[in-house]
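For reference, the structure is listed below as structure tokens.
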Number of protein chains: 2
Amino acid sequence: MMNTDYSRANLAEVLRGHGITPTHQRIEIAHALFSKMAHLSADQVLAIVNERHAETSKATVYNTLKLFVESGLVREVIVDPSKVFFDPNTDPHHHFYDIETGEITDIDAAKVSIAGLPELPPGKVAAGMDVIIRVKRAIA
Amino acid sequence: MMNTDYSRANLAEVLRGHGITPTHQRIEIAHALFSKMAHLSADQVLAIVNERHAETSKATVYNTLKLFVESGLVREVIVDPSKVFFDPNTDPHHHFYDIETGEITDIDAAKVSIAGLPELPPGKVAAGMDVIIRVKRAIA
DNA sequence: GCAGAGGTTAGACAGAGTCCAATTCTTATC
DNA sequence: GATAAGAATTGGACTCTGTCTAACCTCTGC
Ligand SMILES: [Mn+2]
Ligand SMILES: [Mn+2]
Ligand SMILES: [Zn+2]
Ligand SMILES: [Zn+2]
């Protein structure tokens, strides 16, 4: 989706390209997600963004993550009952989820084929599909 | 998994068969889940169980649902970021999830085939797979 | 520079879920 | 049927994630 240019200047351009006014806070939040390319919770984003000097509030982190999701910049991953993770990888893909460590790993959706799904309920349209493979440490 | 005998006496036997001491509260909670055969949140279970006369605490509902999950009597469904649902259907199956109404519908896993999944990460063993198809109302 | 829209903020609030020490129940044994 | 010991339940305090609000700030176009 983006190359490897995670400079603030380039991130600002990416935000503009999605119709988002690039503020300091939004750029820092985008930087946290895209430079780490990891599945981060809101709390983790808040911590990363305020590592050097506190400059972004909890409310702004939540507002911004929601905005990013709505504009397709990042994707929500719902695997843990206690918190949502935000995924800078918006290519179609699935996830391994380690139920012991919480680690989330991507699975390229292009290599996976799913057949035999029933028709959608009448009057309904698809909004997305999640495949989550829960794994745990093999017996020692 | 069970027939259609949702009598308290039979539910008590089912619990014993899973190594669970059948208390009044546990039997009522099992009754709520199996007689409705629906995906219920802890809060919904609490409300159902205390419909006639309050007799079960929130702590017991959570304790019991956890116990039922651990003993394989029910299954957790993690689709909504704000709460867990408990599923009395433990046959392999997937879910439609209406992101607008919250409605959850079962998809028989026997009819669905998934190919091309990568190998599990080294040292990991599968603990389950969830397929969630998020749907919404078709544009009016 | 000014105005107005849009963005940010602290902190109060809500809801799901956990924890604890005190109490009550279940069950095995007599 | 009574007893005793372990198991289960309980209210309520607590934690954590996420939302909301009203005041304040900042950016942009004029
Ligand atoms: Mn939760
Ligand atoms: Mn939540
Ligand atoms: Zn991912
Ligand atoms: Zn189900």
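To find a chain, count down the sequence lines: A is the first, B the second, and so on, and within it residues start at 1. Fair warning: this is a prediction, and the values are worked out from it, not measured in the lab.
We find that CG of A:L67 is positioned 9 Å from P of C:dT8, with the value rounded to whole Å. Distance CD1 (B:I78) to P (C:dG17): 10 Å, rounded to an integer number of Å. The interatomic distance linking A:N50 (CG) with C:dT8 (P) rounds to 13 Å, in whole Å. If you measure from atom CD1 of B:I29 to atom C1' of D:dA8, you get 11 Å, rounded to the nearest angstrom. B:E28 places its CD atom 16 Å from the C1' atom of D:dA8, with the value rounded to the nearest Å. If you measure from atom CG of A:D43 to atom C1' of D:dT19, you get 15 Å, rounded to the nearest angstrom. Distance CG (A:D80) to C1' (C:dA16): 13 Å, rounded to an integer number of Å. Taking atom CZ on A:R16 and atom P on C:dG6, their separation rounds to 17 Å, with Å as the unit.
Judged by distance alone, the side chains of B:S41 and B:D43 never bring a donor and an acceptor atom under 3.5 Å apart.
Within the hydrophobic cluster formed by Ile, Leu, Val, Met, Phe, Trp and Tyr side chains joined at under 4.5 Å, directly or through other members, B:I78 is accompanied by A:I78.
Looking at heavy atoms from C-beta onward, A:F86 lies out of side-chain contact with A:T64 at the 4.5 angstrom threshold.
Applying the salt bridge (charged side-chain N to carboxylate O under 4.0 Å, His left out) definition to pairs two or more places apart or across chains, those involving residues 10-20 of chain A are A:E13-A:R16. Counting only residues at least two apart or in different chains, side chain to side chain donor-acceptor pair (under 3.5 Å) contacts with residues 113-126 of chain A comprise A:K124-B:D98.
Residue contacts for A:P22: at a heavy-atom cut-off of 4.0 Å it reaches no nucleic acid atom on any strand shown.
With sequence neighbours left out, A:S57 forms a side chain to side chain donor-acceptor pair (under 3.5 Å) with A:T60. Residues passing the ring pair (Phe, Tyr, Trp, His ring centres under 6.0 Å) test with B:H39 are B:H95, sequence neighbours excluded. In this view, B:R26 satisfies the salt bridge (Lys or Arg N to Asp or Glu O under 4.0 Å) rule with no residue, not counting sequence neighbours. Evaluation of the side chain to side chain donor-acceptor pair (under 3.5 Å) rule for B:T105 yields no partner, not counting sequence neighbours.
OP1 or OP2 of C:dG17 has at least one side-chain nitrogen or oxygen of B:Y62 nearer than 4.0 Å. Within the 4.0 Å cut-off from OP1 or OP2 of D:dA8, at least one side-chain nitrogen or oxygen of B:T21 is found.
In the helix from C:dG1-D:dC30 to C:dC30-D:dG1, the end axes, each obtained as the rotation axis mapping the C1' atoms of four pairs onto the next four within a five-pair block, lie 30° apart to the nearest 10 degrees.
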Identify the pairs formed between an N or O of the protein and an N or O of nucleotides 9-11 of chain D at a distance under 3.5 Å, and give each distance.
residue : atom : partner : partner atom : Å
D:dT9   : OP1  : B:T23   : OG1          : 2.5
D:dT9   : O3'  : B:Q25   : NE2          : 2.9
D:dT10  : OP1  : B:Q25   : NE2          : 3.3
D:dT10  : OP1  : B:E55   : O            : 2.7
D:dT10  : OP2  : B:S57   : N            : 2.9
D:dT10  : OP2  : B:S57   : OG           : 3.1
D:dT10  : OP2  : B:T60   : OG1          : 2.7

